[in-house]
Structures are given as C-alpha cells and as structure tokens.
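To keep things clear, I will list the structure first and then write my remarks on it.
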Protein chains: 2
Amino acid sequence: MRPDVPLGAPHERSDAARNRERLLNAARDLVAEFGAEALTMDALACKAHVGKGTVFRRFGSRAGLMMTLLSDSESEFQRGFMFGPPPLGPGAAPKERLIAFGEGRIYFVLENGELLKAAGAATRNRFDVPATKLSHRHMEVLLREAGIADPWVMAMSLTYALDPERIVDDVRVRGISPTRLTDSWRELVTRLLRTT
Amino acid sequence: MRPDVPLGAPHERSDAARNRERLLNAARDLVAEFGAEALTMDALACKAHVGKGTVFRRFGSRAGLMMTLLSDSESEFQRGFMFGPPPLGPGAAPKERLIAFGEGRIYFVLENGELLKAAGAATRNRFDVPATKLSHRHMEVLLREAGIADPWVMAMSLTYALDPERIVDDVRVRGISPTRLTDSWRELVTRLLRTT
DNA sequence: ATACTAAACGGACTGCGGTCCGGTTTCTAT
DNA sequence: ATAGAAACCGGACCGCAGTCCGTTTAGTAT
C-alpha cells in the first residue's frame with residue numbers, strides 16, 4: 001500500500017491529494033494556454049478552485065511550482081546523462097560526454113525554456129534548484145577525470161555558461177541560432193580539455 | 001556651463017536637479033546603512049522627501065537606480081581595461097589581458113556585489129545593462145584576436161561565467177575563496193587560448 | 001509684471017508573490 | 001458511533017515594484 005511515500009510519511013490526506021491533482025492540471029492548462037511567464041499564483045488558485053494558501057503549502061513558492069512542472073522532463077534528461085548510451089551516458093571519454101551534455105542541455109533548455117527561466121528567476125540561489133546541483137556534480141566528475149585542477153569551480157563556470165536565461169535570450173532575443181550555440185560549446189570544451 | 005548635458009538637452013529644471021541630488025544622497029545613505037538588498041523604492045522616496053513617482057521618473061526602475069549608483073566605480077573599472085596599463089589595458093597579449101580582465105572583474109564584483117546583484121536581478125535581460133555590453137564587446141575583441149571561431153558567442157559564455165550572482169554566491173554562500181575563483185579563471189582562459 | 005506651457009511632482013492605485021491564522025475536514029483510537 | 005487531534009483549507013492581509021493622472025511649478029515669451 002501507499003506507494004512511494006518516503007517511509008513512515010504520515011499519509012497524505014485525501015483532500016490534499018485531490019487538491020494537488022486539481023492544481024497540477026490547472027497549472028498545466030494555464031502554461032499551455034498563456035505560457036509559464038504569465039502564470040500567476042492567484043490565477044492558478046482561482047482556476048483550481050482552491051485557496052491561495054493551499055497553492056503555497058503545496059509548492060512552497062512559484063519556483064517550486066515550476067520545478068514540479070519540470071520534474072518529469074528533467075528526470076528524463078538526467079537519466080540520459082547518468083544511465084543512457086554514450087556519448088551522453090557513461091562509456092565515452094569525458095570530453096565527448098561533456099560536449100554531448102552541453103548540447104543536450106541547450107536543446108532541453110530551448111524546449112522548456114519558459115519553465116526553467118521562471119524556476120530560476122523566482123529563487124534566491126538558483127544553485128539550490130536540485131537539478132542544477134546534479135548537473136554541476138556531473139560536470140565536476142567529468143572535469144576531474146579530464147585533469148582539471150579545480151573541477152568544482154570550473155563546473156560552476158560551465159553551469160553559468162549554460163544558464164537558461166542566457167540560452168533562451170541568445171536564441172529568442174539576440175537571434176543566435178541553436179547551432180551556433182552548440183558549435184561554440186563544442187569549441188569551448190574541446191579547447192578546454194585538449195591534452196598538451 | 002551645464003557640463004555633460006548631451007547637447008541641446010532641454011535644460012534640467014532646478015527642482016528636478018534638487019530632487020535628483022536629494023535622491024542620490026538618500027540612496028547612498030540607505031545603502032550604506034542597510035545594504036543594497038534592503039533598499040526599497042518607497043523608503044527611498046520617503047527618506048528623500050519626494051513622491052514615489054519622482055523616483056521612478058528619475059531612474060526608471062530599481063535596476064536603473066542601482067546602475068546609477070554604480071556608474072562611478074564602473075567607469076573606473078572600464079577605463080582600466082580600455083586605457084589603463086597592461087596586462088589589463090592595451091599592450092599585452094589577448095590571453096594575458098583576458099586573465100587580467102577576469103581577475104579584475106572578480107574583485108570588482110566582490111566589492112560592489114550587492115549593487116550589481118540588485119541591478120541584474122531587477123532587469124529583464126541583464127545583458128542590456130550597458131556596462132555588461134561593453135565588457136562583452138571587450139572580451140569579444142580579445143577572443144577574436146586569439147583566434148576563437150565564434151568570439152561573440154564565446155564572449156557570452158564567459159560573461160555568464162563571471163556573473164555577479166555566481167561570484168558573490170560562490171564566495172559568500174558556498175565559501176569559495178576569491179583566490180580559487182581567480183585561479184580557476186586563469187586555468188580556463190589559459191586552456192581556452194593556448195595554441196596547439 | 002503677467003500669462004502661458006511644458007515639465008516635474010506626488011501619492012493613490014494596481015498586480016504580484018508570499019504569509020498568517022481561525023475555521024474545517026480527515027483520519028485514528030476507543 | 002464518537003471524540004479528539006493533526007493536518008489541511010482558504011482568503012484576508014502585507015510589502016514591494018511599478019503606473020497613472022490631476023495638480024503644481026519653473027522657465028519663457030510678451
């Protein structure tokens with residue numbers, strides 16, 4: 001019984017479950033219709049026929065809501081670089097994996113850009129978005145394998161170089177093609193990790 | 001007379017000048033006392049004995065105010081890399097200049113961090129902060145000289161790698177020493193620009 | 001001096017994210 | 001069935017950035 005409840009979690013009440021369902025459906029509808037940018041917490045509460053307090057108890061903040069909405073596609077992307085086939089997944093050289101990671105990330109961001117921007121914008125440290133932490137750790141490991149002196153800090157530089165806001169604005173505001181972005185990423189990683 | 005009025009600018013009215021002075025003084029006081037983070041536009045208007053509309057007509061937005069507050073030290077930094085002595089200024093090799101630029105930027109950000117974060121946070125595209133545009137252009141030129149294939153995009157990657165929020169949080173939240181940041185920046189640029 | 005006009009003024013107003021707390025509902029133990 | 005408690009609910013409320021518009025004021029032309 002009670003699948004995937006963390007263990008002794010005190011059982012989610014039925015009204016809570018019902019409201020969570022309502023909220024997620026309403027949120028997906030609103031995002032589909034007006035875009036993530038335009039989603040307000042009041043409108044969501046109203047559309048889901050639920051009090052505003054309920055929305056915030058459920059998701060904590062606007063950023064939390066966006067992260068919840070993202071979690072499916074995000075976990076899929078994560079599975080890709082953690083368990084999937086090379087060059088993205090394990091089995092290829094660090095350089096190749098890092099290139100593939102950046103390319104995948106760029107396309108992922110361009111598909112879920114609004115959500116990601118909204119998730120990052122509304123939070124203090126975007127670094128405590130759990131998915132960001134995981135990506136950072138992944139890059140850190142690859143950089144260490146490749147002989148970078150301070151892989152943690154370097155991974156942070158690359159994390160910010162792949163910032164959703166940056167990618168989305170490059171493409172949508174400044175008119176850079178996705179191909180140029182991935183090419184430049186490849187150049188960056190290639191030069192960074194080539195052996196003397 | 002009337003120095004640095006762009007040319008045929010329609011003469012700033014005396015009450016406008018008086019209020020601008022009041023606002024800047026009040027803003028500096030508030031930032032000094034409570035930090036840039038905590039400065040609200042209402043509090044500023046109140047302390048300067050000025051209506052709220054006046055604040056927004058003067059500075060356009062909270063970000064605009066922060067940029068005004070920054071402009072002095074920012075122009076100084078800009079002079080440094082545009083006209084100052086090498087390796088920051090002209091005369092050194094691109095790689096050296098880029099290293100010096102990043103180091104200078106990191107220390108500049110750590111001194112003016114709150115203001116910079118506040119300026120960037122409140123604006124849509126942080127890229128349309130004029131100072132950011134200039135820095136980007138500077139890096140673009142250096143990268144082109146160094147033979148990078150797509151200097152514009154690469155400069156954008158590096159711009160985000162030097163993001164104020166990133167630098168400030170690395171040091172103040174995640175406990176990374178400034179030295180580690182500058183060392184890692186040096187490693188990044190060195191590897192990026194070393195010739196085959 | 002006087003009248004005119006364009007600019008500047010200021011504060012009430014809106015919309016948003018987020019908090020708070022008194023009332024209600026669901027589950028559990030008896 | 002019943003009582004009690006914990007969890008949940010909802011909407012009034014707050015602080016803040018930014019807008020709007022009727023009023024005031026500084027400069028200018030006569």
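These values consider heavy atoms only, across backbone and side chains, with no hydrogens, waters or symmetry-generated copies. Everything quoted here is computed from the prediction, not taken from an experiment. Every chain is numbered from 1, with letters handed out A, B, ... down the list of sequences.
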Whether the side chain of [X] engages the backbone of [Y] through a donor-acceptor N/O pair (distance < 3.5 Å, no angle test) should be reported.
{"X": "B:Arg97", "Y": "B:Pro86", "answer": "no"}
{"X": "A:Arg105", "Y": "A:Pro164", "answer": "no"}
{"X": "A:Trp185", "Y": "A:Ile106", "answer": "no"}
{"X": "B:Ser135", "Y": "B:Thr132", "answer": "no"}

Can you check the [X] [atom1] to [N] [atom2] distance for me, whole Å?
{"X": "B:Asp42", "N": "C:dA12", "atom1": "CG", "atom2": "P", "result": "12 Å"}
{"X": "B:Glu12", "N": "D:dT25", "atom1": "CD", "atom2": "P", "result": "18 Å"}
{"X": "A:Met41", "N": "D:dC14", "atom1": "CE", "atom2": "C1'", "result": "17 Å"}
{"X": "A:Leu44", "N": "D:dG11", "atom1": "CG", "atom2": "P", "result": "14 Å"}
{"X": "B:Met66", "N": "D:dA17", "atom1": "CE", "atom2": "P", "result": "8 Å"}

Would you kindly compare A:Gly60 and B:Arg58 by the position of their nearest DNA chain C nucleotide and give the one closer to the 5′ end?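 Mapping each residue to its closest nucleotide by heavy atoms, the 5'-most match is B:Arg58.
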Looking only at side-chain atoms of [X], point me to the closest of [options].
{"X": "B:Thr40", "options": "D:dA26, C:dC9, D:dA17", "answer": "D:dA17"}
{"X": "B:Asp15", "options": "C:dC9, C:dT25, C:dA6", "answer": "C:dC9"}
{"X": "A:Arg13", "options": "D:dA17, D:dC8, C:dG17", "answer": "D:dC8"}
{"X": "A:Ser14", "options": "C:dC27, D:dG18, D:dC9", "answer": "C:dC27"}

Test of understanding: with salt bridge (charged side-chain N to carboxylate O under 4.0 Å, His left out), list the residues that count as partners of A:Arg166, not counting sequence neighbours.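 Here the qualifying residues are A:Asp170.
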Report the residues that fulfil side chain to side chain donor-acceptor pair (under 3.5 Å) with B:Glu103, sequence neighbours left out, ordered by chain and then residue number. B:Arg186
Give B:Leu65 one of three labels, base, sugar-phosphate or nothing, depending on what nucleic acid heavy atoms sit under 4.0 Å from its own.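 Result for B:Leu65 = nothing.
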For A:Phe108 and A:Phe77, take the angle between the two ring planes, folded into 0 to 90°, and tell me which bin it lands in: parallel under 30, tilted 30 to 60, perpendicular over 60. parallel
Of the residues in residues 18-31 of chain B, which ones touch DNA chain C at a heavy-atom distance under 4.0 Å?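 By residue number: B:Asn19.
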May I ask you to list the residues of residues 48-57 of chain B, by number, that have any heavy atom positioned under 4.0 Å from an atom of DNA chain C?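 Contacts with DNA chain C under 4.0 Å: B:Val50, B:Gly51, B:Lys52, B:Gly53, B:Thr54, B:Arg57.
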Listed once per pair and sorted, the side-chain hydrogen bond (donor to acceptor under 3.5 Å, both in side chains) pairs that draw on residues 39-55 of chain A, sequence neighbours left out: A:Asp42-A:Lys52
Listing request: all salt bridge (charged side-chain N to carboxylate O under 4.0 Å, His left out) pairs with a residue in residues 135-161 of chain A, at least two apart in sequence or in separate chains.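 Qualifying pairs: A:Glu140-A:Arg144, A:Asp150-B:Arg180.
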